[in-house]
Amino acid sequence: MQIKAAVLREYNAPLSVEEITIDSPRSNEVLVRTVGAGVCHSDLNNVQGLSGMPLNTVLGHEPAGIVEAIGSDVRSVKVGDHVVACTSLWCGFCRQCRAGHLHLCSQRETCERAPGDTPRLSKDGDALGQAASLACFAESMLVHERSVVPIDPEIPLDRAALLGCAVTTGAGAALNTASVTPGSSVVVFGAGGVGISVIQGARIAGAAMIIAIDISEKKLESAQHFGATHTIDASHPTIVKEIKRLTNGGADFAFDAVGRKEVAENCLYCLAPRGVATLVGAIFPVTTELEFRVGHFFVEKRVQGCYMGSNRFQRDAPKYLDLYKQGRLNLDDMISQRITLDQVNDAFTAMEGGDVTRSVIIFD
Ligand SMILES: [Zn+2]
Ligand SMILES: [Zn+2]
């Protein structure tokens, strides 16, 4: 089948929107018609060549859509189901899967087609890469059934798409990775799609104080709308001191939703004794070395990594949508603009401008 897709052909250049070929689903595969696809900061990192994403790859990893066809062995969804998808594929039998850490599966390639087999995506006979095993900047996606979760068809699919990355990563960082406690104080550096989701997760967990930090005044206003109780401009000259003043000695939880060395280090410095810093945003290059003054560890502060909000997507996605239906997770206002696939490159420009929470591509 021929579909329109946005392909990474060259770094630091616009994605190429072109006709490509998508194969039919086999065994455990599902063909999904894409309805909504969020544009994430990681997509921009891919375009900039920072993340090691190979060229000739169809990008996009935050989708929702409708099942069009299924392979013979698919049992978890049927044709017509509304689904949301996530990159966290899992094999079910590796050490991490057996321990319940599905998001850290070490053998996810067992859910892919073997190298040399007919590719899922191609152009004139040449295989194309499939970002995050999804490639949702395309009219259809051909994915493993464990990439998707069926959802209530009454939930608008543009809103549901946000679960694929931003909400799973951010709310999951607060609820799964850090286990924010009721009454605690929380600091969130960065108020984009992921930072806003951390703020919402902390609010849902019952944090008493949520301090948002960003360089954009508009994003700080938005942070308050989503549950931040205090805001600090990121250009504040003594940011750690200001956090310690507001929290009366340091925060219980801090999150780096930016992905920068200085921010990660400040996450530790702004904590109270026994506080936990969670590094959510990816720092590039991955060889970057963080430096911490060891005195902070004498008071039992901790720093921990976080990958995709420590998700179990099949468990988490329905839970987040229940919270959405109850009005406790605000997905409606996270969408700053709805665009077409042809406008995908404009979404990157808007992202670099700094005022957008999420742009979502809508397919007819
Ligand atoms: Zn993402
Ligand atoms: Zn596994």
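All ligand and atom numbering here is 1-based and tracks the order in the structure.
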Glu217: what forms a side-chain hydrogen bond (donor to acceptor under 3.5 Å, both in side chains) with it, not counting sequence neighbours? none

Suppose we screen for side chain to side chain contact (heavy atoms under 4.5 Å, CB included). Which residues come up paired with Asp73, at least two apart in sequence or across chains? Ser27, Asn28

So, Gln2 and Thr21: side-chain donor and acceptor under 3.5 Å apart, yes or no? yes

Roughly how far apart are Leu157 CG and Thr34 OG1, rounded to 0.5 Å? 10.5 Å

Relative to the ring of His101, is the ring of His103 parallel (under 30°), tilted (30 to 60°) or perpendicular (over 60°)? perpendicular

Polar protein atoms (N, O or S) that approach the Zn ion (ligand 1) to under 2.8 Å: Cys40 SG, His61 NE2, Cys165 SG

Could you name all protein N, O or S atoms found under 2.8 Å from the Zn ion (ligand 2)? Cys91 SG, Cys94 SG, Cys97 SG, Cys105 SG

Do Arg293 and Tyr269 meet the cation-pi criteria used here (NZ or CZ under 6.0 Å from the six-membered ring centre, within 45° of the axis)? yes

Are side-chain N/O atoms of Ser133 and Glu112 paired as donor and acceptor at under 3.5 Å? yes

Decide if atom CD1 of Ile215 counts as having more than 12 heavy atoms of other residues, nucleotides or ligands within a radius under 6.0 Å. no

Would you say Ser88 and Asn311 are linked by a side-chain donor-acceptor pair, where the criterion is simply a distance under 3.5 Å? yes

